[in-house]
Novice: 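One structure is given below, represented as structure tokens, and several questions about it will come after.
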Amino acid sequence: MVFSLMHESGTVLILKKDVNSSTPWIEREFRPFEQLRPRFTAANGCEVAGPVYL
């Protein structure tokens, strides 16, 4: 399940709920983002998505 939340400031937060804890999708899904992070670190106004675990 994927949820999109928008803060009153306009910032968007995407929540993805994993209903099957035995599937390690998060590592596969965020590996490309981690590889791209250094390229966007120097860019002004660009951010790379990162996982937050609850």
Side-chain angles (χ1 to χ4, degrees):
M1 294 186 290
V2 177
F3 302 91
S4 175
L5 305 174
M6 182 176 286
H7 189 271
E8 61 188 20
S9 68
T11 304
V12 177
L13 175 65
I14 304 298
L15 299 176
K16 187 169 186 179
K17 180 177 166 83
D18 189 358
V19 294
N20 184 359
S21 62
S22 65
T23 307
W25 62 269
I26 192 96
E27 292 87 1
R28 287 190 317 273
E29 190 167 296
F30 279 95
R31 192 171 296 124
F33 289 107
E34 288 301 317
Q35 293 169 346
L36 288 173
R37 187 177 305 278
R39 293 179 182 245
F40 289 102
T41 300
N44 194 9
C46 293
E47 295 183 38
V48 176
V52 176
Y53 300 96
L54 299 176

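One-based numbering along the sequence shown.
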Novice: Using side-chain contact (heavy atoms from CB on, under 4.5 Å) as the criterion, list what pairs up with R39, not counting sequence neighbours.
Specialist: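 R39: side-chain contact (heavy atoms from CB on, under 4.5 Å) contacts with L36.
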Novice: With rounding to the nearest 0.5 Å, note down the distance linking CG in L13 to OG1 in T11.
Specialist: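 So the CG of L13 and the OG1 of T11 are separated by 9.5 Å.
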Novice: Between E34 and R37, is the closest basic N to carboxylate O distance under 4.0 Å?
Specialist: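 Yes.
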Novice: If you define the side chain from C-beta out and look only at heavy atoms, does anything of L15 sit under 4.5 Å from L5?
Specialist: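 Touching, per the 4.5 Å side-chain cut-off.
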